[in-house]
Amino acid sequence: MKYRFIDGNGQEYLPDVEQWRPEEGIFNIKSYDVSFPKEKLIKRQSTMWRYKEALPFDNSEAYSQVTLGEGMTPLVLLEREQPNFYVKLDYLMPTGSFKDRGAAVLIAKAVELGAASVIADSSGNAGTAVAAYCARANLDCRIYVPSSTSEKKLAQIEAHGAKIFKVQGSREDTAEAAKKAVEEEKAFYASHVYNPFFYEGTKTFAFEIWEQLDYEVPDKVILPVGNGTLVLGAYIGFQNLKSAGVTDKLPEIIAVQSEGCAPIADAFHSNEKVSLVETSHTQAEGIAIADPQRGDQIIEAVRETKGTIIVAPEQDIVLARKELAGKGFYVEPTTAATYAAYRTYQPQLVDSNELVVLSLCGSGLKK
Ligand SMILES: Cc1ncc(COP(=O)(O)O)c(C=O)c1O
């Protein structure tokens, strides 16, 4: 099998149902050859599966049972008068967030590997996405969530037929409860944090932007970051485009954390390793990750692109959300935080002649 996991020491592993982490550290995917045959791509369906030469499947049977038509979300100008500044509308995905990209690949892999049941933990959107794709794939699904998760996200997870386990305590306590259940029950851990197949899905965000910008990559992308599924996915995706020779540019990644929970931004600016931080309440629940397992990897990726990490002022999130809605984009507070940070730092961050894409990746209907 050519799609293997690799650990920090370079040791390779064949993915299976039960092993979700190596002896030490965290799994990444071993890089494999990718290509982007333009003349074939344009004839294919308008979904993220059009990039099949850059996805970790040997045959399309594996994902055709699972797909809900995700991907190829619109890329539109934020304002008609601002010609180089685009927003990518990933909130228009089947379950209302970009997590569908990762969940579609991950659950297709779970099916391919022969999993019978799936466990995941989430602050909401990843759990919703995993629940929906498990429903599609007819897989038994259990989702662990912090008890503070919004009612609408809980209702959505339940509606897809997944069983919900509410955990009192922090997001980290929720992850621990899920891991314990995975170990005890030998279930497939559909973790968007630990399983690198998730990032093989979120990387399609970069491929689509390249195609939608007429085979150009932007100068900068502005993305939210908690556990890094979008930031690392985008990084891997732009790297894939570069290694395939269809661009020689890597966009600067500008990652956004929230004021109440910013371990990666703190470590980035103080040149330290990422460590667990004390948090205060933030409306941006999707990026409130106090102990991100891939924190140092995220910093490395952002540095390699010559990007930066900024923090959204908490008091601006409501206004930013209103402003976006006033332009026609109805997004959840976590997404509004990305825009709030951009508004605050705009003069230092972006020149008007630069080509920029900001992600709008969570639907306002959820909260
Ligand atoms: C809407 C939204 N934006 C951003 C994020 C952050 O993603 P990640 O934690 O993988 O960096 C999430 C995560 O749940 C989310 O739901």
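Predicted model, so just to flag it, every value in this text is computed and none were measured. Atoms within a ligand are numbered from 1 in the order they appear, just like the ligands themselves. Count residues from 1 along the sequence.
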Less than 6.0 angstrom separating the ring centers of Phe36 and Trp210, yes or no? yes
How are the rings of Phe198 and His192 set to each other: parallel, tilted or perpendicular (split at 30° and 60°)? tilted
Answer yes or no: is there a donor N or O on one side and an acceptor on the other, between the side chain of Asp316 and the main chain of Pro313, under 3.5 Å? no
Pick out which of Phe27, Phe5, Trp20 makes a ring pair (Phe, Tyr, Trp, His ring centres under 6.0 Å) with Tyr13. Phe27
Where does the angle between the aromatic ring planes of Phe165 and Tyr144 fall among parallel (under 30°), tilted (30 to 60°) and perpendicular (over 60°)? parallel
Polar contact flag, side-chain donor to acceptor under 3.5 angstrom, Glu200-Tyr3: no
Contact residues of ligand 1 with a heavy-atom cut-off of under 4.0 Å? Phe98, Lys99, Ser123, Asn125, Pro224, Val225, Gly226, Asn227, Gly228, Thr229, Gly286, Ile287, Glu332, Thr334, Thr335, Cys361, Gly362
